[in-house]
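One structure is given here, and the rest of the page talks about it.
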Amino acid sequence: MTTIADNLARIRDRIAAACAKAGRDPAGVTLVAVSKLNPAEAVIEALAAGQTVFGENRVQEAQSKFPALRATHPDLRLHIIGGLQTNKARDAVEVADVIESLDRPRLAASLAAAIKATGRTPGLMVQVNTGDEPQKAGIPRAEAEAFCNTCRDEYGLTLSGLMCIPPAEADPAPHFAFLADLAARQNLPLLSMGMSGDFETAIALGATHVRVGTAIFGSRVPGG
Ligand SMILES: *Cc1c(COP(=O)(O)O)cnc(C)c1O
């Protein structure tokens with residue numbers, strides 16, 4: 001039987017190998033363990049195996065699992081990686097260390113207000129819809145550069161990086177390259193890109209954060 005600890009060890013090895021191949025320091029790549037739809041017990045198992053950074057795509061699920069774990073694991077870091085409703089902005093600011101899904105002006109306004117009200121300052125990444133897919137969250141690619149400027153100039157937000165989820169059937173490499181170029185132009189140090197199926201490609205193209213779910217926690221399909 002494969003355990004979460006085994007899977008984590010294997011992913012860390014693969015990250016190290018991808019970094020070696022790309023001539024990069026593995027310390028420059030953070031593994032975000034995506035624990036969505038997995039119980040708190042799975043997170044606890046990962047914490048016991050030394051994993052400290054987690055990703056959740058729903059604020060409510062994050063609230064139900066993580067605050068209780070912070071007391072015993074002060075180094076725990078939580079990233080919100082899913083589409084964020086404006087009315088959840090304050091909850092997200094309160095529960096998260098990093099919000100990766102900033103993708104529209106109204107959300108920027110809500111996050112700015114929540115940051116002001118709470119005094120909490122989570123890291124912020126702009127999610128770019130690099131495939132311009134209508135059903136997907138993220139600022140359209142042609143508007144991304146202007147949106148980053150708007151976040152800073154109009155809403156006073158400090159951005160730390162960019163995030164993308166390439167189209168499922170496409171070669172992800174051009175999408176990762178586009179995001180890396182945009183981050184360089186915008187002077188943003190962090191790049192969250194790459195998931196279970198493509199994180200090695202993302203590392204080759206500069207990812208600083210890879211978001212890996214199923215390869216660590218197994219299938220999220222109930223009973224699967
Ligand atoms: C679920 C999810 C992941 C993890 O995907 P896997 O294919 O399970 O590794 C990464 N990023 C986002 C935004 C997700 O929602």
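Any value given below was found using the heavy atoms of this structure, including those in side chains, with hydrogens, waters and symmetry copies removed. Ligands are counted one by one from 1 in listed order, and the atoms in each one are counted from 1 as well.
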Below 4.0 angstrom from a heavy atom of V212, which ligand 1 atoms are there? Numbered from 1 as shown, please.
9 (O)

Heavy-atom nearest option to atom 13 (C) of ligand 1, drawn from I216, D198, I81, V210:
I81

For atom 4 (C) of ligand 1, the option (of G213, G55, S101, G82) bearing the nearest heavy atom
G213

Does K136 reach the main-chain N or O of T130 with its side chain, forming a donor-acceptor pair under 3.5 Å?
no

Looking at I165, which atoms of ligand 1 are within less than 4.0 Å of one of its heavy atoms?
13 (C)

Minimum-distance pair of heavy atoms, taken over all atoms of C19 and P26:
SG-CA, 3.6 Å

Between R58 and E61, is there a salt bridge with N-O shorter than 4.0 Å?
no

Relative to the heavy atoms of R211, which atoms of ligand 1 are at a distance of less than 4.0 Å?
4 (C), 9 (O), 10 (C), 11 (N), 12 (C), 13 (C)

Checking R211 against S192 for the side chain to side chain donor-acceptor pair (under 3.5 Å) test, could you report, in this order, the C-alpha distance in whole Å, the side-chain angles of both residues, the deciding distance, and whether it holds?
CA-CA 7 Å; R211 308 178 310 270; S192 175; 2.9 Å; yes

Of H209, K36, E56, M195, the residue with the heavy atom nearest atom 10 (C) of ligand 1 is M195

Of all the heavy-atom pairs spanning A49 and L8, show the shortest one and how long it is.
CB-CD1, 3.8 Å

